[in-house]
Amino acid sequence: MSQVFKALSDPTRRRVLQLLRKGPLSAGELSAQFNVSKPTMSAHFAVLKEADLVHVEKAGKSLIYHLKLSVLEEALLGFVHSFGPAAEAAEPGKEIAR
């Protein structure tokens, strides 16, 4: 789950995921939406792949990115449930560090 939140911590990567919600896009189509270098975008794509938030398929010379929404949903639901009523209560007398 920490890899997912690392990926989501960057506004560029969040925007890539938002664009992919509309459907698969090539690396070039995604990169054209940002004012950054291609190597920088490649680094962002690598973080998203490492977090398993995107699936990549090769189509000729192009890389096509697909959003793996189920992974994102699972991570976010897991995070929310960790703070819900079913989450373990803190030991009495111990304060939670903030």
Value for CG (L67) from CD (Q18), rounded to nearest 0.5 Å, stands at 10.5 Å
Value for OG (S70) from CG (L77), rounded to nearest 0.5 Å, stands at 11.0 Å
_With a 6.0 Å cut-off (strictly less than), is the heavy-atom count around CD of E74, excluding the residue itself, greater than 12?_
no
- Query: So M41 and V16, side-chain contact (heavy atoms from CB on, under 4.5 Å) or not? Walk me through it.
  - Reply: CA-CA 10 Å; M41 285 306 296; V16 167; 4.0 Å; yes
Side chains of L25 and I64, heavy atoms from C-beta outward: is any pair under 4.5 Å?
no
Exercise. Mind checking whether L20 and H66 have side chains closer than 4.5 Å, heavy atoms only?
Worked result: no
Close side-chain approach of T12 and T40, heavy atoms under 4.5 Å:
no
Exercise for the section: Would you indicate whether the side-chain heavy atoms of Y65 and H55 approach each other to under 4.5 Å? Expected result: no
- Task: State, with a plain yes or no, whether a side-chain heavy atom of L17 is found less than 4.5 Å away from one of V54.
- Result: yes
Here the pair of heavy atoms bringing R13 nearest to V47 is NE-CG1, 3.5 Å
Any side-chain heavy-atom pair of V56 and F45 under 4.5 Å | no
Rounded to the nearest 0.5 angstrom, the CG-CD distance for L8 and Q3 is 12.0 Å
Contacts of D52 meeting salt bridge (Lys or Arg N to Asp or Glu O under 4.0 Å) (sequence neighbours excluded), chain-then-number -> K68
### Query
Can any side-chain N or O of E29 pair as donor or acceptor with the backbone N or O of S26 at less than 3.5 Å?
yes
To the nearest 0.5 Å, atom NZ of K6 lies from atom CG of L48 at 10.5 Å
